[in-house]
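Heavy-atom basis, side chains included; hydrogens, waters and symmetry copies ignored. Quantities reported herein were computed from a predicted structural model and do not represent experimental measurements.
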Amino acid sequence: MVLNPKTQRDTGRSAQLGNIEAARAVANIIRTTLGPRSMLKMLLDPMGGVVMTNDGNCILREVDVSHPTARSMIELSRAQDEEVGDGTTSVIILAGEMLILGEPFIRNNIHPTVIVRGYNEALQEALKICDKLARKVDVYDTTAMSELVKSSLGTKFSSRWNDIMVDMALKAVLMVAKPSEQASKPGAEGGAYKHHIANMEVDIKRYAKVEKIPGGEISECRVLNGIMFQKDVTHSKMRRKIKNPRILLLDSPLEYKKGESQTNVEITNDEDWNTMLRMEEEYVENMCAEIIAFSPDIVVTEKGVSDLAQHYFHKANITAFRRLRKTDNNRMARATGATIVSRTDEIQESDLGTRCGMFEMRKIGDEYFAFFEECEDAKACTIMLRGGSKDVLNEIERNLSDAMQVVRNVVYDPRLLPGGGATEMAVSTGLSEIGRRTIEGVKQGPFMAVGEAMEVIPRTLAQNCGVSVIRTITQLRARHASSFVGDAEHKHEDVEFAKCNVGIDGTTGEIVDMQDLGIWEPYSVKVQTIKTAIESACMILRIDDIVSGSKHK
C-alpha cells in the first residue's frame, strides 16, 4: 500500500463522471434564477440568519458543499462577480452544460485532451462571432445606457422600481468616473474626457458608498450630489446648517497627547500639578488656534475631539465632527476638494475644501445624519437606500451593485451585445455552421457540442417563462440559421456572418428582435462568461484522479 488506508481515491472514468455529476448539481441549484421570471432562493446561514436573493454568486456563497469540483464551480461565480459584476448565474449554467455535453464523448472513450482541444477552438470562434455581433454605444447617451442597465436589473427583485434604480446606477457611476492620470494629460479640457474614455478610472467600491436606512419607501432612494454619514455634531450648540462651508479634514486627535504606554508622574509640589494641567490646556488651545486661523466652518477629524477643543470651536462658530471612518474621510476629500491634513501646524489655505454647496444635519428615524450636498464636480457620492426591511435593503443593494458594475464595464469597453439569449443562439448557430464546413476529424464533435451547450441560456429563459421550450427554441434556431442560408454555397474557410439580434422576451416567452425590445448587455460581461465557462469546463474534464483523505495527526 503506497497511500494511507484512510485515503479515498477515485480514478479514471468514475472520477470524470463524478465531476460532471457535481457540476450538474450546482448548475441545477441556480437554474431557476435566470431571467426576469426568475425565482428567489431562501438560504439559512449557520448563525440562523436568512438570506433571500436570486443573485447567483450570493446563493452559491451561502451553500455549503463538500465535493471539490462543486467548490471550484462556485469559485467561478465569485471570479465572475469580482471581474465584471454580472452574469454570475449564466456562467455556472453554461459551464455545467459544457460538462454535461462532454459526458457522451468520455463514455465513447474519446480522450479528454481531444475534447479540450475542440472546446478551445470553439472558444476562439465564439469570440470572433461576438466581435462581429457587437455594436458601439456612447456612454453619455442616457437612453441607450438606461436600456442596458434595465436588462441587468430586469432579472432582479427590484425590477418593479426599475426607473429609479437605473437612474441611480447611471448617476452614481458617471459621477465617480474620472479620467485616470494618463488620460487627463492630452488636452486637459473636456476633449480628453471623451477621447480617452478607455482610460477612465471608476472606483465604485471606494467612492460610491451605499447607506442603508430602514424605513420609508423604496421610491425615496436617491444618489446624493455629495456625501452623507451617520454622525451628530460634537456640541449641541454648533451650527447645523451652513451654506458654502469651508471644510477642513484632519486625521490627528484634537485632545492632549496621551503617553504611548502607561506613564507615571510624581508631583511633590502642588503648583506643578496646576502647571501640568495648564500645559495640557495650552497644547489643545494652540492646536485649535492653528485651525481657527484659517477660519473653516466645519472641522472633521478621524480621531477624538476633547471638551476643551469643542468649547474653542463653539466660540469660533465652527462645527466639529469626530471619529469619522477613514473611508468616509477619503470620500469627503474627493467630493469637497479638501486635503486630509495630519498635523495642525501644517495646514495651508489650499487644504480647505470649498466645493460643497450646502451642509445640513437631518434626522431620519431616530438617527442624525450629516449631509454635504450640492458639491460641484463631486467625484464621490453616497447612495441613500430606503426600504421596508433589512432583507429588502440587502437585496436592493446587491441589485444596485450589479447595475453599477454593468455601467462601469461599459465605461471601460463601450460595446454591447444583444441579450435575451440572442448572442448565445448566434454563437451556437455560427459554431455548428463552421463545425460542419471546416472542422474535420474527432474534434468536430466537441467543437459542435460547445454550440449546442450555448443554447442552454435561451432554453432556460424559455423554461422560466413557462412556454413550450421545444417549439420556442426550434423557432429561434430557425431564425438564426436562416441568416446563414445565403452563404451556404461558399465553402471557404471564413463563414460569412449575418447579424441576427433575435432572442427570447424573458417576460412573455415570445421571440422578438432585441433591437426593438432594447435588451442589450455589456460585451465584456458576455465574453467573460463564455471564456470562464469553457476554460473551467476544460480544466474539470482533464481531472482523472481525485485523492481525498485525512493526514496523520
Side-chain angles (χ1 to χ4, degrees), residues 27-28 30-41 52-56 59 86-94 97 133 135 137 143-167 169 218 395-396 399 402-403 406 416-429 452-483 498-522 525-526 529:
N28 284 342
I30 60 169
R31 185 160 287 182
T32 55
T33 65
L34 187 77
R37 287 265 179 255
S38 58
M39 298 302 202
L40 287 173
K41 304 277 179 195
M52 286 185 283
T53 180
N54 67 352
D55 180 51
I59 293 166
D86 199 16
T88 48
T89 309
S90 318
V91 76
I92 298 283
I93 294 175
L94 252 182
E97 193 68 12
L133 255 184
R135 76 172 177 101
V137 65
T143 322
M145 291 295 279
S146 302
E147 287 182 347
L148 170 73
V149 181
K150 267 184 192 151
S151 70
S152 165
L153 279 177
T155 64
K156 307 285 190 216
F157 168 75
S158 64
S159 56
R160 282 167 45 204
W161 299 276
N162 246 355
D163 297 337
I164 301 171
M165 291 292 157
V166 168
D167 288 346
I218 292 186
E395 182 63 3
I396 288 176
N399 300 349
D402 273 10
V406 165
L416 306 182
L417 287 169
T423 307
E424 285 85 354
M425 207 59 183
V427 169
S428 167
T429 318
E452 208 179 312
M454 283 290 175
E455 289 183 7
V456 72
I457 300 288
R459 191 166 71 234
T460 309
L461 275 175
Q463 265 172 358
N464 291 349
C465 285
V467 292
S468 163
V469 177
I470 296 171
R471 188 173 297 146
T472 310
I473 295 299
T474 312
Q475 285 174 359
L476 187 60
R477 198 183 293 131
R479 287 286 288 275
H480 277 270
S482 63
S483 63
K499 278 193 179 186
C500 181
N501 295 336
V502 179
I504 294 176
D505 179 345
T507 316
T508 59
E510 292 165 2
I511 289 176
V512 282
D513 192 330
M514 290 295 140
Q515 187 93 39
D516 306 336
L517 199 61
I519 299 289
W520 294 90
E521 297 187 19
V525 172
K526 269 277 182 268
T529 306

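Within the structure, salt bridge (charged side-chain N to carboxylate O under 4.0 Å, His left out) contacts touching residues 507-521 (residues at least two apart or in different chains) are Glu521-Lys526.
For the pairing with Pro36, the side chain to side chain contact (heavy atoms under 4.5 Å, CB included) check across Thr508, Asp505, Leu461, Ile519 returns one residue only, Leu461.
Among residues two or more places apart in sequence or in another chain, the side-chain contact (heavy atoms from CB on, under 4.5 Å) test is passed with Ile30 by Thr33, Ile59, Leu60, Thr89, Ile92.
The shortest heavy-atom contact between Ala426 and Leu133 is CB-CD1, 3.7 Å. Minimum interatomic distance between Ser90 and Ile457 (heavy atoms only, all atoms of both residues): CB-CD1, 3.9 Å. Residues Met454 and Ser428 approach most closely at CB-CB, 3.9 Å, considering heavy atoms. Minimum interatomic distance between Leu416 and Trp520 (heavy atoms only, all atoms of both residues): CD1-CB, 3.8 Å. Between Ser482 and Arg479, the closest heavy-atom pair is OG-O, 2.7 Å. Annotation for Val502 and Ala422: closest pair O-CB, 3.2 Å, computed over non-hydrogen atoms.
Annotation: side chain of Met425 is in contact with side chain of Glu455 (closest heavy-atom distance under 4.5 Å).
Here the CD1 atom belonging to Ile504 is positioned 6.0 Å from the OG1 atom belonging to Thr472, to the nearest 0.5 angstrom. Here the CZ-CD1 distance, from Arg471 to Ile511, works out to 11.0 Å after rounding to the nearest 0.5 Å. Atom CD of Gln515 and atom SG of Cys500 lie 11.5 Å apart (nearest 0.5 Å).
Between Arg31 and Glu97 there is a salt bridge, since a side-chain N of the basic residue sits under 4.0 Å from a carboxylate O of the acidic one.
Counting only distance, with no hydrogens or angles, the side chain of Asn464 and the backbone of Leu34 share a donor-acceptor pair below 3.5 Å. Between the side chain of Thr423 and the backbone N or O of Pro418 there is at least one donor-acceptor pair closer than 3.5 Å.
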